[in-house]
Number of protein chains: 2
Amino acid sequence: MARTPALDLVLLITVLLGEDMRRGLAAMGLTETRSHVLWLVGTTGPATQQQLAVETGLAPRSVTSVVDALVGSGLVERRPHPTDRRAVHVTPTPAGADLVAALVAGHERLADQLFGDLDDGAYAATHAALADVAARLQVLVAEEGS
Amino acid sequence: MARTPALDLVLLITVLLGEDMRRGLAAMGLTETRSHVLWLVGTTGPATQQQLAVETGLAPRSVTSVVDALVGSGLVERRPHPTDRRAVHVTPTPAGADLVAALVAGHERLADQLFGDLDDGAYAATHAALADVAARLQVLVAEEGS
DNA sequence: ACCTCATCGTGAGTGTGACTCACGGATAGG
DNA sequence: CCTATCCGTGAGTCACACTCACGATGAGGT
């Protein structure tokens, strides 16, 4: 039996979710990349640009530009790194911390809107189905890499 | 109970699938937008650029550029429109048709890799869960538009 | 037949976001 | 202390999307 309908649904979800997120972020004056960096420094603490490059998969030079933009918006600061004088400690400002809190809240709200009115059994089943898809996908990506 | 884990899984799937698709398409010398246009003319038949703009959500001028690129790769042709001399009939070349067939085959292969070893009951459950998520998302997007 | 207005595609120019290359400043190991 | 390495940035490039203006064609009313 053909399995394409399920894949088409996943693709549809991907498109819809991507558009929705982009719109929501744009309303806060953020792009996906910028929000990714802001999210990182806001949730896992200050980081060097080098670390941010690794975690986001961006080129180090590109991180400089992203951080420039976030500094320009007053969301993060470049503070001297406590131990390494070459490096920079990208730190959220109060405004940046507030925005991260809003991002987290929006994330939880979206989760609730999507899954909130499922009873626990249905939610568990959905979660299991999604985890299964994600696991298979990760296997596939790993195989292709080899 | 928190519903964020399921959303996180959806997000993870989105990212993984997006990367995988981009890599696969790049291996065939295509971008997402170009493959979208090629897919349209390859599966639903020749179209005017105007129609392609509506279906892809691109600006008409951008469709011109995309079609330029596809023509440059020898995948589509600009043929005169049978009835409207202003318009252009974007038609796949034999090479383009072959590539579309490969895209379709890849699509089916991926679906099979992700869902192939589920028995029919498990597949049906997964499909239902995905359809539910997609439906909720569409409601949400529609609400936000209003 | 003609005039007007809408539509199709494209030239020209712009903006954004990513990349590479080359380089100055700082660190660490022999 | 000298050399190799690492951090961040200036300069330049590329891909892709957008808007604006325009010529060519089409459609409808008088």
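Numbered from 1 within each chain, the chains take letters A, B, ... in sequence-line order. No experiment lies behind these values; they were computed from the predicted model shown.
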Does any pair with a residue in residues 119-130 of chain A pass salt bridge (Lys or Arg N to Asp or Glu O under 4.0 Å), and if so which ones, sequence neighbours excluded?
A/D120-B/R3

Rounded to whole angstroms, how far apart are CD on B/E32 and P on D/dA15?
17 Å

Are side-chain heavy atoms of A/F115 and B/V133 found at a separation under 4.5 Å?
yes

For a quick test of reading the model, state the closest non-hydrogen atom pair linking B/P92 to B/G42 and the distance between them.
CG-CA, 4.3 Å

Which of residues 41-56 of chain A have a heavy atom under 4.0 Å from DNA chain C?
none

B/V139: what forms a side chain to side chain contact (heavy atoms under 4.5 Å, CB included) with it, not counting sequence neighbours?
B/E143

If I compare all heavy atoms of A/L12 with all of B/A134, which pair ends up nearest, and what's the gap?
CD2-CB, 4.2 Å

Using the test salt bridge (Lys or Arg N to Asp or Glu O under 4.0 Å), find all partners of B/R22 that sit at least two apart in sequence or belong to another chain.
B/E32

Report the residues that fulfil salt bridge (Lys or Arg N to Asp or Glu O under 4.0 Å) with B/D117, sequence neighbours left out, ordered by chain and then residue number.
A/R136

Is B/T4 reaching over with its side chain to a backbone N or O of B/A2, donor-acceptor style, under 3.5 angstrom?
no

Residues pairing under salt bridge (Lys or Arg N to Asp or Glu O under 4.0 Å) where one sits in residues 90-111 of chain A, two or more places apart or in two chains, turn out to be none

Which pairs, protein N/O on one side and nucleotides 17-21 of chain C N/O on the other, fall under 3.5 Å?
| unit_1 | atom_1 | unit_2 | atom_2 | d |
| --- | --- | --- | --- | --- |
| C/dA18 | OP1 | A/T33 | OG1 | 2.4 |
| C/dC19 | OP1 | A/A59 | N | 3.4 |
| C/dC19 | OP2 | A/A59 | N | 3.0 |
| C/dC19 | OP2 | A/S62 | OG | 2.2 |

Taking a hydrophobic cluster as the set of Ile, Leu, Val, Met, Phe, Trp and Tyr residues connected by side-chain heavy atoms closer than 4.5 Å, whether directly or through intermediates, do B/V104 and B/V41 fall within one such cluster?
yes

Within residues 71-93 of chain A, those residues having any heavy atom closer than 4.0 Å to DNA chain D are A/R78, A/R86, A/A87, A/V88

Can you pull out the residues from residues 12-20 of chain A that lie within a 4.0 Å heavy-atom distance of DNA chain D?
none

Salt bridge (Lys or Arg N to Asp or Glu O under 4.0 Å) against B/D20, all qualifying residues, sequence neighbours excluded
B/R23

Could you state the atom-to-atom distance from CG of B/D68 to P of C/dT10 in whole Å?
7 Å

Between B/T64 and C/dT10, does any side-chain N or O lie under 4.0 Å from OP1 or OP2?
yes

Which pairs count as salt bridge (Lys or Arg N to Asp or Glu O under 4.0 Å) when at least one residue sits in residues 41-65 of chain B, sequence neighbours excluded?
none

For a quick test of your reading: what N or O donor-acceptor pairs under 3.5 Å do the side chains of residues 73-80 of chain A make, sequence neighbours left out?
| unit_1 | atom_1 | unit_2 | atom_2 | d |
| --- | --- | --- | --- | --- |
| A/S73 | OG | A/A69 | O | 3.1 |
| A/R78 | NH1 | A/Q49 | OE1 | 2.5 |
| A/R78 | NH2 | A/D68 | OD1 | 2.1 |

